[in-house]
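See structure below.
If you're wondering where the values come from, they're calculated on a predicted model, not measured in any experiment. Every chain is numbered from 1 and lettered A, B, ... according to where its sequence line falls, protein lines coming before strand lines.
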Amino acid sequence: MRLSRYFLPILRETPKEADIVSHRLMLRAGMMRQEAAGIYAFLPLGLRVLNKVCRIVREEQDRSGAIEMLMPTIQSADLWRESGRYDDYGKEMLRIKDRHERDMLYGPTNEEMITEIFRSYVRSYKDLPLNLYHIQWKFRDEVRPRFGLMRGREFLMKDAYSFDLDQAGAEHSYNKMFVAYLRTFARLGLKAIPMVAETGPIGGNLSHEFIILASTGESEVYCHRDYLDFAVPGDDVDFDNGPALQQIVSKWTSLYAATSEKHDATAFGALPQDKQVSARGIEVGHIFYFGTKYSAPMKAVVAGPDGAEHPVHMGSYGIGPSRLVAALIEAFHDDAGIKWPETVAPFKVALLNLKQGAADTDAACEKLYAALQARGIEVLYHDLDERPGSKFATADLIGVPWQILVGPKGLAAGQVELKRRSDGMREALSPDDAVVRLS
RNA sequence: CGGGGCAUAGCGCAGCCUGGUAGCGCAUCUGCUUUGGGAGCAGAGGGUCGCAGGUUCAAAUCCUGCUGCCCCGACCA
């Protein structure tokens with residue numbers, strides 16, 4: 001992409017409403033624009049990152065056996081009256097009336113709808129297990145939206161819903177998501193630690209929040225240091241192998257880890273001093289087993305091997321891709337701007353022509369640009385007539401992992417400079433070598 | 001929902017106290033010079049001062065009401 005033909009509204013100064021670093025940098029880097037409190041438009045650069053996050057989420061959901069679909073944002077109130085949540089949900093739910101005065105709502109989540117879909121088609125235990133997910137915008141009318149995308153009212157969510165004949169099957173489904181989440185966050189470059197979460201009326205220990213550690217996190221979290229070095233399951237993990245999955249989950253839940261609400265100071269204090277990690281965290285995922293909470297009242301039942309009808313055991317599993325974009329920035333930034341992990345970076349490399357309009361640098365850049373594109377490398381070519389300092393600042397701000405600096409001095413020696421954004425490493429090499437290095 | 005604050009050009013701000021032709025920096029546009037860490041000079045364009053009432057000869061400025069947004073708390077993915 002040539003910057004001269006792109007839409008990248010960089011802000012040189014920080015908008016005053018942005019207080020936390022991810023909000024500030026997203027606005028400055030031209031990734032998004034606030035349209036109302038807690039409601040944002042994704043601009044091209046922001047959308048590229050959001051889509052990359054979604055792609056990884058999707059790939060890992062698919063790998064675990066979950067099946068993608070897409071449910072609407074607007075739902076009928078009748079559905080929610082069936083589960084009893086229409087009255088319970090309170091003012092967080094955005095209620096709407098259509099032209100016929102029918103009660104509608106902008107979905108804050110989809111348990112009711114997916115249960116309705118499930119019950120109208122599935123009759124037999126032989127069709128189980130089933131895990132359906134979608135990635136769709138949600139709306140929760142928070143009293144106080146804040147922190148930019150981190151606590152917006154409208155947000156993108158991947159929500160999966162599992163259906164099993166009994167609790168044992170549901171636990172296997174739960175473990176699949178657990179492992180898929182470990183892999184998802186690892187691929188995003190994040191260290192996410194599963195922490196015991198509130199389970200509500202169901203009880204048990206089948207609810208975990210996945211928390212990443214970031215100094216700007218919203219809540220206080222406590223965990224055993226060894227979690228930071230645990231190996232994440234590889235892409236060869238067999239999701240149908242129940243015992244193997246259970247082993248992984250057991251390992252990842254064996255040590256102390258809790259958010260402040262569930263914190264047990266005594267248990268934490270019993271850990272060796274050097275193993276105690278107390279930090280701030282951001283919740284990026286939440287998985288939940290809730291049994292027959294919706295299937296029973298909504299009559300989502302299947303015939304079991306015994307010939308009798310059983311309400312299905314369900315679980316739901318959420319990841320917030322839009323929040324993840326912000327969380328990634330909280331985790332990866334410095335004073336100059338964002339430092340994207342390669343897997344989610346909007347572009348892999350920024351090509352900076354340090355003397356736009358000069359025959360040699362122009363020619364070298366065009367050649368590099370073509371060579372990078374030919375290899376399928378996502379490149380943003382900064383071809384505007386700006387001074388070098390301004391181009392450096394822009395490239396650092398938007399956080400593209402690599403920069404190729406093409407200037408007259410280096411070019412005279414047949415060299416360009418390759419700079420790594422994450423640690424500032426620089427290396428002088430020939431243009432051809434630079435392309436090879438990035439391939 | 002309780003407490004605090006803000007609203008003046010695209011962004012950041014001054015002006016308001018003490019009413020009298022709306023300013024500064026950055027950004028934008030034109031020209032020239034410049035080109036390895038947000039360039040210099042010269043010129044130009046851009047604002048019903050959040051909205052609605054009121055006071056006054058005269059309101060960005062004083063008064064009343066409303067709206068929007070931000071921060072702290074309670075709540076939440």
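Listed nucleotides B:G25, B:C76, B:C1 differ in distance to A:R140; the shortest reach to its side chain belongs to B:C76. Distances from the side chain of A:P388 to the nucleotides B:G36, B:G73, B:G12 place B:G36 closest. Comparing B:G25, B:G37, B:G36 by their closest approach to the side chain of A:D396 singles out B:G37. With B:G36, B:G12, B:C75 as the choices, the nucleotide that has an atom nearest any side-chain atom of A:P15 turns out to be B:G12. Nearest nucleotide to the A:K16 side chain, out of B:C76, B:U34, B:G12: B:G12. Comparing B:G12, B:C1, B:G73 by their nearest atom to the side chain of A:R146 picks out B:G73.
Ring planes of A:H134 and A:Y161: tilted class, angle from 30 to 60°. Note on ring orientation: taking the six-membered ring where Trp is involved, the planes of A:H208 and A:F178 are perpendicular (angle over 60°, cut-offs 30° and 60°).
Among the atoms of the strands shown, none is found under 4.0 Å from any heavy atom of A:R33. Within 4.0 Å (heavy atoms only), A:E209 reaches no atom of the nucleic acid at all. Nucleic acid contact for A:G337: none, since no nucleic acid atom lies under 4.0 Å from a heavy atom of the residue. Contact annotation for A:E17: backbone-only contact, meaning every heavy-atom pair under 4.0 Å involves sugar-phosphate atoms and none involves a base. Counting non-hydrogen atoms under 4.0 angstrom, A:L11 reaches nothing in the nucleic acid. Contact annotation for A:G407: base contact, defined as any heavy-atom pair under 4.0 Å involving a base atom. At the heavy-atom level, A:A36 lies under 4.0 Å from the strands shown only through sugar-phosphate atoms. Counting any heavy atom pair closer than 4.0 Å across all strands shown, A:T14 reaches sugar-phosphate atoms only and no base atom. Residue A:K158 is out of contact with every strand shown, counting any heavy-atom pair closer than 4.0 Å. When heavy atoms are screened at a 4.0 angstrom cut-off, A:L352 is found touching no nucleic acid atom at all. A:G285 comes within contact range of no nucleotide atom at all, as no heavy-atom separation falls under 4.0 Å.
The environment of A:K251 atom NZ is dense: over 12 non-hydrogen atoms of other residues, nucleotides or ligands sit within 6.0 angstrom. When the shell of 6.0 Å around CZ of A:R33 is examined, it contains 12 or fewer heavy atoms from other residues, nucleotides or ligands.
One C1' atom belongs to B:G12, the other to B:C70, and the distance between them is 15 Å to the nearest Å. The gap from the P atom of B:G43 to that of B:C49 amounts to 29 Å, rounded to the nearest Å. Distance check on atom C1': B:U8 versus B:G4 gives 22 Å, rounded to whole Å. Between B:C66 and B:U21, the distance separating the two C1' atoms is 30 Å to the nearest Å. Atom P of B:G53 sits at a distance of 16 Å from the matching atom of B:A58, rounded to the whole Å. With both ends at atom C1', the span from B:A52 to B:U67 equals 10 Å, rounded to whole Å. To the nearest whole angstrom, the two P atoms, one in B:U48 and one in B:G36, are 41 Å apart. Taking the P atom of each, B:C11 and B:C17 are spaced 26 Å apart, rounded to whole Å.
If you take CG of A:L354 and C1' of B:A39, they are 15 Å apart, rounded to a whole angstrom. Taking atom CD1 of A:I39 as the reference point, atom P of B:G68 lies 12 Å away to the nearest angstrom. If you take CZ of A:R28 and C1' of B:G10, they are 15 Å apart, rounded to a whole angstrom. Atom CG in A:L27 sits roughly 20 Å away from atom P in B:A27 (whole-Å rounding). At whole-Å resolution of the value, CZ in A:R323 and P in B:C76 are 13 Å apart. Look at CZ on A:R151: it is 17 Å from C1' on B:C69, rounded to the nearest Å. Counting to the nearest Å, the C1' atom of B:A74 and the CD atom of A:E261 are 13 Å from each other. Taking atom CD of residue A:E386 and atom P of nucleotide B:G36, one finds them 14 Å apart after rounding to whole Å.
Across all strands shown, B:A7 forms a Watson-Crick or G-U wobble pair, both distances under 3.5 Å, with B:U67. Remark: B:G45 base-pairs with no nucleotide in the shown strands. Criterion, Watson-Crick or G-U wobble with two distances under 3.5 Å. Base pairing annotation: B:A22 forms no Watson-Crick or G-U wobble pair, as no partner gives both donor-acceptor distances under 3.5 Å. Across all strands shown, B:G36 has no partner, as no Watson-Crick or G-U wobble contact with both distances under 3.5 Å is found. Pairing partner, B:C62: B:G54, with both Watson-Crick or wobble hydrogen-bond distances short of 3.5 Å. Look at B:G73: its Watson-Crick or wobble partner, with both distances under 3.5 angstrom, is B:C1.
Nearest-nucleotide positions on RNA chain B place A:K391 closer to the 5' end than the other of A:K391 and A:G38. Checking A:F147 against A:A393, the closest nucleotide of RNA chain B that is more toward the 5' end is the one next to A:A393.
For A:R144 and B:G3, a side-chain-to-base donor-acceptor distance below 3.5 Å is absent, hydrogens and geometry of angles not being considered. Evaluation of atom-type donor-acceptor distances gives a pair under 3.5 Å for the side chain of A:K419 against the base of B:G37.
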Intermediate values then yes/no, ring-ring contact (aromatic ring centres under 6.0 Å, His included), A:F155 and A:W137: CA-CA 6 Å; A:F155 57 99; A:W137 293 94; 8.3 Å; no
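Under 4.0 Å is where a charged nitrogen must lie from a carboxylate oxygen, and between A:K138 and A:E154 no such pair does. For A:R187 and A:E59, the salt-bridge test passes: some basic side-chain N is under 4.0 Å from an acidic carboxylate O. A salt bridge links A:R183 to A:E60: one of the charged nitrogens lies within less than 4.0 Å of a carboxylate oxygen.
Checking the phosphate oxygens (OP1, OP2) of B:A39, a side-chain nitrogen or oxygen of A:R387 falls inside 4.0 Å. At the phosphate of B:C70, OP1 or OP2 sits under 4.0 Å from a side-chain N or O atom of A:Q34.
Judged by a 6.0 Å distance limit and a 45° cone about the ring axis, A:R95 is positioned over the six-membered ring of A:Y86.
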